[in-house]
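Just so you know, ligand 1 is whichever comes first in the structure, and atom 1 is the first atom listed for that ligand.
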Amino acid sequence: AKDYGKNNYQFYSSSNAEKGARKMELEMALQKAIANNELELYYQPQINNTTGNIYGVEALLRWKHPAYGYLSPDEFIPIAEETNLMLSIGEWVLTHAFMQKKKWDLAGKKDIKLAINISARQFQYSDFFPFLQKEVKRLQINTAKIELEITESIMQNIEKATIELNSIKRLGFQISIDDFGKGYSSLSYLRSLPIDTIKIDKSFIDDISHPKHKGSLAKVIIDMGHNMNFIVIAEGVETKEQVDFLQKHECEIVQGYYYSKPLTSDELEKLYL
Ligand code: C2E
Ligand code: CA
Ligand code: CA
Ligand code: CA
């Protein structure tokens with residue numbers, strides 16, 4: 001079976017010089033990836049844990065490297081972030097995710113929510129918001145069912161983040177906090193920022209199966225999220241035990257290999273839409 005949902009290329013332990021050479025090689029190849037049509041978006045379903053219906057999808061970027069095959073964004077996004085490549089890659093992702101959403105809307109699948117990852121660097125570019133604005137207008141997309149996933153790392157500059165997020169909300173987008181609980185930022189930002197959703201980091205989901213912890217932090221995050229009227233999504237859900245725990249504690253949306261790996265748009269349409 002195809003398994004492009006997961007990284008299929010690994011670093012083998014190598015010297016710093018070899019790692020540096022590989023990084024430079026990837027950086028050079030990445031500069032041509034857009035023009036050579038090597039980027040692709042996969043979509044991982046998010047499932048309503050009560051009804052079993054699809055709630056939304058998260059767009060996940062893949063790079064089909066001419067020699068190495070599919071690379072995980074965990075390997076090339078950090079490289080892109082060190083250069084200004086992240087700006088063009090981020091714009092490519094936004095445009096292509098918007099076009100896909102528009103296609104689904106026109107096919108009558110308007111309810112499906114689409115989540116798009118925004119890296120910290122991308123969020124900080126001065127061109128980020130103007131580009132969003134321009135694309136929303138140009139493509140005439142309905143932003144209400146599009147959610148931008150940011151991480152707590154942008155809270156380092158809370159004043160700027162507040163202004164930026166309020167502008168994004170005015171365009172109609174929803175905001176979610178990815179990898180929630182993994183950053184060590186203070187929680188006070190939750191009161192002042194326009195947040196719709198929190199995604200519980202996978203490490204807390206893994207802890208559900210831990211003999212001592214038994215998901216105690218996952219439960220705390222779910223309860224807190226509900227008290228603050230956020231939608232709470234559990235990610236990296238792999239086992240029945242985790243699904244049952246999340247159901248018991250009323251975590252409404254789950255995402256993970258238990259239900260589905262990231263899929264191509266064709267596979268997603270066939271299986272879910
Ligand atoms: P993330 O946003 O936390 O995405 C979740 C990652 O966990 C994805 O890895 C997904 O394939 C994987 N995953 C999903 N379910 C499971 C599960 O049950 N078990 C396990 N072990 N893993 C699961 P992926 O696609 O390799 O992406 C890695 C990271 O790269 C993402 O983490 C996100 O931070 C970043 N990324 C992906 N696409 C984009 C993008 O378009 N733009 C930006 N800026 N970052 C992206
Ligand atoms: Ca994400
Ligand atoms: Ca995440
Ligand atoms: Ca992550």
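The closest heavy-atom contact to atom 40 (C) of ligand 1, among the options Ile116, Asn117, Asp74, comes from Asn117. Remark: among candidates Lys182, Glu238, Arg121, the nearest residue to atom 19 (N) of ligand 1 is Glu238, based on non-hydrogen atoms.
Close approach of ligand 1 to Glu58 is summarised as follows: ligand atoms under 4.0 Å from at least one heavy atom of the residue are 2 (O), 4 (O). Heavy-atom proximity to Asp179, at under 4.0 Å, picks out these atoms of ligand 1: 3 (O). With ligand atoms numbered from 1 in the order given, ligand 1 contributes 14 (C), 15 (N) to contacts under 4.0 Å with heavy atoms of Gln44. Numbered from 1 in the order shown, with element, the atoms of ligand 1 that lie under 4.0 Å from a heavy atom of Pro262 read 11 (O). Atoms of ligand 1 found under 4.0 Å from any heavy atom of Met86, numbered from 1 in the order shown, are 44 (N).
Looking at Glu58 and the Ca ion (ligand 2) together, the shortest N, O or S contact belongs to OE2. Looking only at N/O/S atoms, Asp179 comes nearest to the Ca ion (ligand 3) through OD1. When you scan the N, O or S atoms of Glu235 for the one nearest the Ca ion (ligand 3), you land on OE2. When you scan the N, O or S atoms of Asp178 for the one nearest the Ca ion (ligand 2), you land on OD2. With respect to the Ca ion (ligand 2), Glu149 has OE1 as its nearest N, O or S atom.
Within 6.0 Å of NZ on Lys169 lie more than 12 heavy atoms contributed by other residues, nucleotides or ligands.
Side-chain atoms of His226 and Glu252 form a donor-acceptor pair, as typed in the model, at a separation below 3.5 Å. Counted by atom type alone, Gln255 and Tyr55 present zero donor-acceptor pairs between their side chains at under 3.5 Å. Residues Glu267 and Tyr42 have side chains that never bring a donor and an acceptor to within less than 3.5 angstrom of each other. Donor-acceptor pairing under 3.5 Å is lacking for the side chains of Asp266 and Thr264. Side-chain N/O atoms of Glu147 and Thr197 include a donor and acceptor closer than 3.5 Å.
In terms of polar-atom proximity, Leu41 is not counted as a contact of ligand 1, lacking any N or O under 3.5 Å from an N or O of the ligand. In terms of N/O distances under 3.5 Å, ligand 1 is approached by Ser72.
Linking Ile, Leu, Val, Met, Phe, Trp and Tyr residues whenever their side-chain heavy atoms come within less than 4.5 Å places Ile198 and Ile200 in a single cluster. Both Ile175 and Leu193 belong to a common hydrophobic cluster when Ile, Leu, Val, Met, Phe, Trp and Tyr are linked at side-chain heavy-atom distances under 4.5 angstrom. Linking Ile, Leu, Val, Met, Phe, Trp and Tyr residues whenever their side-chain heavy atoms come within less than 4.5 Å leaves Ile163 and Ile195 in two separate clusters.
Proximity of Lys202 to ligand 1, defined as any heavy-atom pair under 4.0 Å, is confined to the side chain (atoms from C-beta onward). Heavy atoms of Val93 found under 4.0 angstrom from ligand 1 belong exclusively to the side chain. Residue contacts with ligand 1 for Ser119 involve both N, CA, C or O and side-chain atoms from C-beta outward (heavy atoms, distance under 4.0 Å). In Ile89, neither the side chain nor the backbone holds a heavy atom less than 4.0 Å from any atom of ligand 1. Contacts with ligand 1 closer than 4.0 Å are made by no heavy atom of Lys199, backbone or side chain.
Leu60 approaches Asn117 most closely through the heavy-atom pair CD2-ND2, 3.7 Å. Between Leu187 and Met224, the closest heavy-atom pair is CD1-SD, 4.4 Å.
Geometric assessment of Lys134 against the ring of Phe131 yields a negative cation-pi assignment under the 6.0 Å and 45° thresholds.
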